[in-house]
Amino acid sequence: MLTKMTFFERFERDILSGAKTITLRDEAESHVESGQILPVSTFETDRWFCDIQIVDVTPVSLSELTDVHAEQENMTLAQLRNVIAEIYPGLEQLFMIRFNVLPQ
Ligand SMILES: CC(=O)Nc1cc[nH]c(=O)n1
């Protein structure tokens with residue numbers, strides 16, 4: 001089970017504002033469960049910036065991504081596909097983790 005989650009710094013503002021409410025991860029980073037509370041820090045410097053509560057985790061393949069997923073990531077679908085291809089080149093099986101940011 002994961003005990004923390006990291007995000008690239010470029011996503012921090014969208015997460016804190018509530019504009020980004022999901023993250024798409026590979027299998028290794030999918031081991032969280034509904035209700036779990038996790039500290040979140042930046043991938044680059046491991047700086048804590050919030051705590052999140054997991055809503056749910058759902059398998060989703062790259063080819064199944066829609067505008068709804070993109071909106072939940074505060075991106076266009078084209079942007080989202082590019083981001084995923086950059087982070088997880090060649091990976092088809094993803095896991096959608098929905099979360100809420102807890103008040104600080
Ligand atoms: C650090 C890292 O992998 N961050 C990711 C990966 C996928 N989605 C996301 O929002 N953040």
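Residues: numbered from 1 along the sequence shown. Remember, it's 1-based here, ligands and their atoms both numbered in the order they're listed.
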For ligand 1, does Leu24 get within less than 4.0 Å through its side chain, its backbone, both, or neither, judged by non-hydrogen atoms? backbone
Pi-cation contact, Phe7 with Arg25 (under 6.0 Å, within 45°): yes
Examine Val57 and Val55 and state if one hydrophobic cluster contains both, with Ile, Leu, Val, Met, Phe, Trp and Tyr joined whenever side-chain heavy atoms are less than 4.5 Å apart. no
Given the rule that I, L, V, M, F, W and Y join up when any side-chain heavy atoms are under 4.5 Å apart, are Leu24 and Ile87 in one cluster? yes
Mind checking whether Thr6 contacts ligand 1 via backbone (N, CA, C, O), side chain (CB onward), both or neither, at a 4.0 Å heavy-atom cut-off? both
Quick one: look up the protein heavy atom nearest atom 8 (N) of ligand 1 and list residue, atom name and how far away it is. Thr23 OG1, 3.1 Å
Identity of the nearest option to atom 3 (O) of ligand 1, non-hydrogen atoms only, from Phe7, Phe8, Phe43: Phe8
Taking only heavy atoms of Phe11 into account, list the atoms of ligand 1 that are under 4.0 Å away from them. 9 (C), 10 (O), 11 (N)
Give the atoms of ligand 1, by number and element, whose distance to some non-hydrogen atom of Ile87 is under 4.0 Å. 6 (C), 7 (C)
Do Leu16 and Leu102 sit in one hydrophobic cluster, given that two such residues count as connected whenever their side-chain heavy atoms are within less than 4.5 Å of each other, even indirectly? no
Nearest non-hydrogen contact with atom 10 (O) of ligand 1 belongs to which option: Lys20, Met75, Met96, Arg25? Lys20
Would you compute the distance between atom CG of Asn100 and atom OG1 of Thr21 and round it to the nearest 0.5 angstrom? 8.0 Å
Which heavy atom of Thr42 sits nearest to which heavy atom of Glu9, and what is that distance? CG2-CG, 3.5 Å
